[in-house]
Student: 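Mind looking over this structure? Questions follow.
Proteins come first, then strands; the chains are lettered A, B, ... in the order of their sequence lines, and each starts at number 1. Here the structure is a predicted model, which is why all the values come from computation and not from measurement.
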There are 2 protein chains.
Amino acid sequence: MAGARRRGEELEDALLTAAWAELLEVGYPRLTMENVAARAGTSKPVIYRRWPTRPKLVIAALAHNLPLEEADIDTGSLRGDLIELVGRGIRRYRGVPGDTLPGLITETFRDPEVFAELRSRLRQGEVVELVRPTLTRAVARGELLTDQCGDRVLRLPFDLLRSETLVYGVMVDDPTITAIIDDIVLPVIHTHCGTPASRAQTDIRPAPERDSRG
Amino acid sequence: MAGARRRGEELEDALLTAAWAELLEVGYPRLTMENVAARAGTSKPVIYRRWPTRPKLVIAALAHNLPLEEADIDTGSLRGDLIELVGRGIRRYRGVPGDTLPGLITETFRDPEVFAELRSRLRQGEVVELVRPTLTRAVARGELLTDQCGDRVLRLPFDLLRSETLVYGVMVDDPTITAIIDDIVLPVIHTHCGTPASRAQTDIRPAPERDSRG
DNA sequence: AAGAGAAGATACGCTCCGTTTCTTAATTGC
DNA sequence: GCAATTAAGAAACGGAGCGTATCTTCTCTT
């Protein structure tokens, strides 16, 4: 109709925005290339000239709409830093339907390359590489004796987050984050990284645990 | 060809066995109703007369080929019990390709009823309801002060297991199980359920952690 | 002004789901 | 033992959706 024919970045933005909107509206399993094209006011070949498959389009849409957080956290305490860190990780995905990520993971299992890309993006999104610096700062504050601990300990907060979001398809709220940090993560960190005895009492609180799931 | 036409349970077994074999051989995303029928030496309508959708067929195949474990664990120590418990949970899925369960989860997100069924089956498979009795036995032995702790603590071993299997698509081996129990689960349990001081030194071992993933 | 390159529309082949139709064998009831 | 019912098995179909091919038309470059 309109002679105005978009090109380059403008068109690409429109496509990724359309894909994102489609993702939020109908969810991953029902997102079709046809509908994304229609929503962007164009047609399928335009999409396929940029992204060879559906998963890759969706990954691009995720990257386009979930900018990386910056790593500037220092709340003054280990506990505060962890809560903030995990909170950022989860807030990054607010608005993403519960089935989007599992859907992507599945679909991309067919294509190892795409899967690797998604996985690394998940890891980035979860800023797991920021946990170690957090521990290092805690050591500097005198909250911990060392920041030396295994990868599994560092991954722990985000692994638990995934159990809530990916497996159960539930969006995590703030009390849940606090519970995860207080009831699970901090005890493990203190076990591995040591705790000056006098602080142990106030930092660890094995309080009656809330559970946000049914 | 052969006039021998199967019926009832014999036919159903053949179908579920075929579905299972197909699952192991080509994985969930490439399992087709056509191929399952062909492998069972029959045709699609025979399947559809029993299971209305692909996910429901696969769930039936899982149920048919993954019998529930019996709950008879007592190795004499909390640590041993937990390792055995988690080991059984994971051994139950040995032979199940890494993409099967995420695939199912995705596909069944469309159908809440099927999803609920799968989820409850996962929970059964993970015998999470056996963790509390394990703690109770530990209290009886004098290893713990109490068995009172929140659901999230009870779920912890299996949530971590899922991070390895579902998210990363990796099969968990015995050293990994041991590491999960020693480095994460036991510290948390001891934090929440107390530890007689004299035993704390021998039970908790924040050893250099192994990591089975790349 | 001319040509390259990409946009956009349309249609196609393919796969696979779930259904329909029809024939034929097995089971049940008399 | 024989009809009547039920279900097996074969084949084909409609529909959705992916990814591709073809062709026209616009826009940008030179």
Student: Is there, by distance only and without an angle test, a donor paired with an acceptor across the side chain of B/R7 and the base of D/dT6 below 3.5 Å?
Tutor: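 A donor-acceptor contact between them is present.
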Student: Quick check on contacts: within residues 31-42 of chain A, what sits under 4.0 Å from DNA chain D by heavy-atom distance?
Tutor: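 Correct list: A/L31, A/T32, A/M33.
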Student: Taking only side-chain nitrogens and oxygens of A/R50, does any of them come within less than 4.0 Å of OP1 or OP2 of C/dA7?
Tutor: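 The answer is yes; a side-chain N or O of A/R50 sits under 4.0 Å from OP1 or OP2.
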Student: Distance from B/L82 atom CG to B/I180 atom CD1, nearest 0.5 Å?
Tutor: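 That separation rounds to 11.5 Å.
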Student: Pick from B/L135, B/T134, B/V139: which one makes a side chain to side chain contact (heavy atoms under 4.5 Å, CB included) with B/R137?
Tutor: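 Testing B/R137 for a side chain to side chain contact (heavy atoms under 4.5 Å, CB included) against B/L135, B/T134, B/V139 leaves exactly one candidate, B/T134.
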Student: If you apply the rule side chain to side chain contact (heavy atoms under 4.5 Å, CB included), what do you find for B/V188 with A/D183, and how did you get there?
Tutor: CA-CA 8 Å; B/V188 172; A/D183 296 334; over 6 Å; no
Student: Which nucleotide wins on minimum distance to the side chain of B/P45, given the candidates C/dA7, C/dT10, C/dT19?
Tutor: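 From the listed options, C/dT19 comes nearest.
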Student: Below the 4.0 Å mark, does C/dG8 have OP1 or OP2 next to a side-chain nitrogen or oxygen of A/R5?
Tutor: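 For A/R5, the contact criterion (side-chain N or O under 4.0 Å from OP1 or OP2 of C/dG8) is not met.
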Student: Can a donor-acceptor pair be found between the side chains of A/D81 and A/T75 at a distance below 3.5 Å?
Tutor: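 Their side chains do contain a donor-acceptor pair, which is all the 3.5 Å distance test asks for.
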Student: How would you label the contact of B/R6 with the nucleic acid (heavy atoms, under 4.0 Å): base, sugar-phosphate, or nothing?
Tutor: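 If one applies the 4.0 Å heavy-atom cut-off, B/R6 turns out to touch the sugar-phosphate alone, with no base involved.
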Student: Of the candidate nucleotides C/dG8, D/dT20, D/dA10, which contains the atom at the shortest distance from the side chain of A/L11?
Tutor: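 For A/L11, the side-chain atoms sit closest to C/dG8.
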Student: Quick check: closest heavy atoms across B/G41 and B/R6, and the distance to 0.1 Å?
Tutor: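 Heavy-atom minimum between the residues: O-NH2, 3.5 Å.
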Student: How long is the line joining OH of A/Y48 and P of D/dG17, in whole Å?
Tutor: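 These atoms are roughly 12 Å apart.
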Student: Closer than 4.0 angstrom, basic N to acidic O: yes or no for A/R39 and A/E25?
Tutor: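 Judged by the 4.0 Å cut-off on N to carboxylate O distance, A/R39 and A/E25 do form a salt bridge.
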Student: What is the distance, to the nearest angstrom, from the CD1 atom on B/I47 to the P atom on D/dA7?
Tutor: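 In whole Å, D/dA7 P and B/I47 CD1 are 17 Å from each other.
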Student: Measure from CZ on A/R54 to P on C/dT15 and round the result to the nearest Å.
Tutor: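 For the pair A/R54 CZ and C/dT15 P, the rounded distance is 19 Å.
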Student: Using whole Å, report how far CD of B/E10 lies from P of C/dA26.
Tutor: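 Answer to the nearest Å: 11 Å.
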Student: Could you give the CG-to-P distance, from A/L15 to C/dA6, as a whole number of Å?
Tutor: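 In whole Å, C/dA6 P and A/L15 CG are 15 Å from each other.
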Student: Grab the CD-P distance between B/E9 and C/dT27 for me, whole Å please.
Tutor: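 Spelled out: CD on B/E9 to P on C/dT27 is 14 Å.
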Student: Do B/K44 and C/dG18 have a side chain to base donor-acceptor pair shorter than 3.5 Å?
Tutor: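 Check passes, donor-acceptor contact within cut-off.
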Student: OP1 or OP2 of D/dA7 less than 4.0 angstrom from a side-chain nitrogen or oxygen of B/R49, does that happen here?
Tutor: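 No.
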Student: What's the verdict on side chain to side chain contact (heavy atoms under 4.5 Å, CB included) for B/F158 and B/V131, showing C-alpha distance, side-chain angles and the deciding distance?
Tutor: CA-CA 10 Å; B/F158 298 104; B/V131 176; 3.8 Å; yes
